[in-house]
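Some notes on the structure that comes next.
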Amino acid sequence: MQLRSLYHSERFLKIIFGLSLFIVLVMGGLAYKYIKELSESFEEVQEAYQLHIELEKLLSALKDAESGKRAFIISKDSTFLEPLLLGGIEVENSLKELKSLTIDSPEQQKNIAELEIKIENSLNIFEKTLQLAQSNEIESTEFITAFREGRQTMNSVRFKIMEMTTHENQVLGTKKEKSSKSLSNAPMLVYYVLIISLLILLLTYLQISKNLKNLKEKNELLETFKESTTQSEIISKHGNWIWHIEDNSFEYSDNLYRLLGEAPQSFEPTLENFIAFTHPDDLDKLTEQVNKMMENEDLPFIHYRIIQKNGTVKHFKAYGKVLMDSEGDRKLLGTTADITDEIENYRLIEERNLELERNNKELASFNYVASHDLQEPLRKIQTFISRLEDKEQDNLSSNGKVYIGRIKSSSARMRSLIDDLLQFSRTNKSEEAFEDSNINILLETAKHDLAEIISDKRARISSDSIPSMKIIPFQIKQLFLNLISNSLKYSRENIAPVITIRYSQVKASDLTNVKYSKHNLYHAICVKDNGIGFDQEYAEKIFILFNRLHNKNEYSGTGIGLSICKKIVENHNGYITAEGKPDYGSTFTFYLPVTS
Amino acid sequence: MKEDYTYVVLADDDEDDRLFFSEAFDELKMQTKVDIYKDGVALMLALNKSDSILPNILFLDLNMPMKSGLECLKEIKTNQRFKDIAIAIYSTSASEEDIEDTFVNGANIYIKKPNNFNTLKKILSDVVTMNWQYHTNGLNKDNFLLRL
């Protein structure tokens with residue numbers, strides 16, 4: 001998200017820069033144009049001024065000639081004619097100058113041509129009057145006519161010059177108007193350019209400083225990240241490396257050196273230097289994988305061993321992934337982990353597993369011995385006793401009959417011990433055996449199996465409806481069977497047993513003796529009787545194998561039944577508790593987790 | 001061809017059990033003819049004779065030297081000639097594996113050797129008088145093991 005905004009701001013900067021460049025160029029061009037116009041109009045003014053001066057010069061030269069002529073006529077002193085001669089040259093120069101000045105203006109050229117004719121005319125008359133004056137014919141009418149004519153032409157010349165001056169003034173006036181507009185616009189424009197440039201500069205500065213701040217924050221984040229990566233590398237025993245594919249160079253993290261048993265950055269990070277550590281047996285495998293990596297630019301999970309310089313063998317696991325950086329260069333990011341401990345642990349576990357398997361096999365063969373080999377002689381003893389009782393009853397003395405009776409009860413007890421032990425050892429947990437079952441039906445089957453004693457003892461059994469659960473059916477039936485027969489067995493003399501089976505759901509947090517439970521809710525099934533009960537101090541002990549609270553002559557029992565119950569409940573990840581009060585009754589409650 | 005007696009054969013390596021078995025039939029006084037073999041090898045040798053009379057019911061002990069009851073069962077079930085023999089497994093153990101294995105291999109009933117002679121007599125008389133056709137049609141894992 002932030003990276004995205006940074007990218008956007010970079011684009012924004014580019015746009016601003018382009019726009020400002022454009023604006024400054026446009027305004028600069030405009031300013032150049034105005035200033036050029038200004039200097040042009042200045043030149044024009046200067047030209048008009050010069051024209052003015054030349055016209056003035058011309059007029060004054062003509063005037064000088066005129067006044068010289070008049071003075072000569074009056075005084076006959078020929079020195080007055082000097083300005084006359086000079087005036088002729090001056091007039092000629094002035095005209096030349098005027099022509100060159102007005103080269104751009106056809107109108108003025110036309111005026112100058114007219115002026116030239118007029119001046120020539122005037123000079124001719126001038127010459128004529130001068131000749132008449134020299135020959136002293138001043139009084140003649142010819143002279144007077146020429147003199148008047150001279151004055152007239154002189155006036156027309158003066159008029160023409162005035163006309164030209166006026167025209168030039170007019171031209172100058174329009175130009176002045178135009179240039180004054182330029183003159184007032186130019187500073188405004190320069191000012192605007194400055195303001196806009198400043199604004200753009202300000203905006204750009206703000207944006208850049210924002211980006212810089214952003215960048216700084218990201219830099220700090222990166223720095224933190226780098227530090228935590230270093231830490232995690234050390235803790236989790238892994239090292240990172242980068243292969244720059246384009247220029248085929250490598251970078252190793254510090255911890256990778258440590259994993260190799262070397263000081264960080266103590267040798268050049270090249271492939272050859274790394275491979276030098278590889279265990280000779282794994283060398284082929286690793287080089288093959290590395291070659292594949294070079295070809296496909298991909299490194300799948302590989303497992304190999306290295307040997308540190310001090311001879312310690314370590315197990316490494318490596319994985320790599322190609323990344324493309326912003327400049328389009330590809331690099332393979334690799335992670336190498338030291339899995340020596342895992343491997344060792346795995347080996348240890350495997351050894352233990354083998355040992356367990358061996359033990360289990362021994363137990364299984366013990367089971368077989370118990371179930372088959374021990375039962376067989378016992379069965380025969382019992383059968384032979386039944387034969388003796390049937391066929392030889394009459395041949396036995398009363399003592400002999402008693403002894404036969406004792407043998408019979410002992411062998412019966414041995415049988416129930418063997419049967420119970422077998423039951424106990426067969427009460428195993430296997431996941432496949434779990435199935436959704438109707439608990440009520442299992443309870444009924446258990447009651448059915450005990451129907452004979454129940455009716456003998458006139459016992460009353462009542463039970464709640466229990467929801468279905470995912471359990472091992474035959475074990476839960478066995479559990480009910482054991483608990484109910486326990487209640488029936490330890491009933492008080494002359495009091496009909498009353499057994500109540502209650503169901504409820506409890507939270508794990510409400511179970512005081514349950515710690516670190518994986519489950520939140522438990523089914524609680526409670527089997528309560530009005531039997532002989534027991535002292536609460538034995539509540540834990542009664543679940544221990546072969547533990548009995550009563551003499552075997554008083555109550556038959558092998559001390560295995562409740563151990564089987566505990567084992568069954570534990571197979572179901574549950575708990576069983578017992579509460580008792582002597583001569584009052586006992587309550588067994590088992591808790592099975594509520595599974596979804 | 002219906003004989004007027006039931007021909008019963010037992011294969012058991014245990015001398016005492018063979019004794020109980022024959023004494024039980026003696027006392028039962030049923031219309032039976034009983035032959036007893038001391039192991040699986042002897043049994044199969046007798047059965048495989050081309051002129052042998054085939055038993056109606058064959059009792060097979062499981063744990064026998066050289067050729068076990070299970071091996072005999074498998075062999076009998078592969079031979080079409082023996083298809084009408086009802087096979088009762090007769091063993092000390094009643095382990096789940098044994099029951100499962102013999103059921104899968106086509107035995108008709110599983111009897112756990114009793115520890116009382118009178119019970120034995122009752123079992124044998126029940127098995128001999130059993131309607132095998134009816135029993136075999138409705139055979140499942142629950143009624144496979146004979147319970148008394």
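Chain identifiers are assigned alphabetically (A, B, ...) following the order of the sequence lines, protein sequences preceding nucleic acid strands; residue numbering begins at 1 within each chain.
Proximity to chain A is limited to the side chain of B:Lys112, based on heavy atoms less than 4.5 angstrom apart. With a threshold of 4.5 angstrom between heavy atoms, B:Glu27 approaches chain A through side-chain atoms but not through N, CA, C or O. Of the atoms belonging to B:Glu96, not a single heavy atom falls under 4.5 Å from chain A.
Counting heavy-atom neighbours within 6.0 Å of A:Lys447 NZ, excluding the residue itself, gives a total above 12. Residue B:Arg81 places its CZ atom among more than 12 non-hydrogen atoms of other residues, nucleotides or ligands, all under 6.0 Å distant. Within a 6.0 Å radius of NZ in B:Lys38, other residues, nucleotides and ligands contribute 12 heavy atoms or fewer.
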Apply side chain to side chain donor-acceptor pair (under 3.5 Å) to A:Glu376 and B:Thr92, showing your working.
CA-CA 6 Å; A:Glu376 199 166 81; B:Thr92 313; 3.0 Å; yes

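Interface with chain B: from residues 377-391 of chain A, residues A:Arg379, A:Lys380, A:Gln382, A:Thr383, A:Phe384, A:Ser386, A:Arg387, A:Asp390, A:Lys391 qualify, criterion being any non-hydrogen pair under 4.5 Å.
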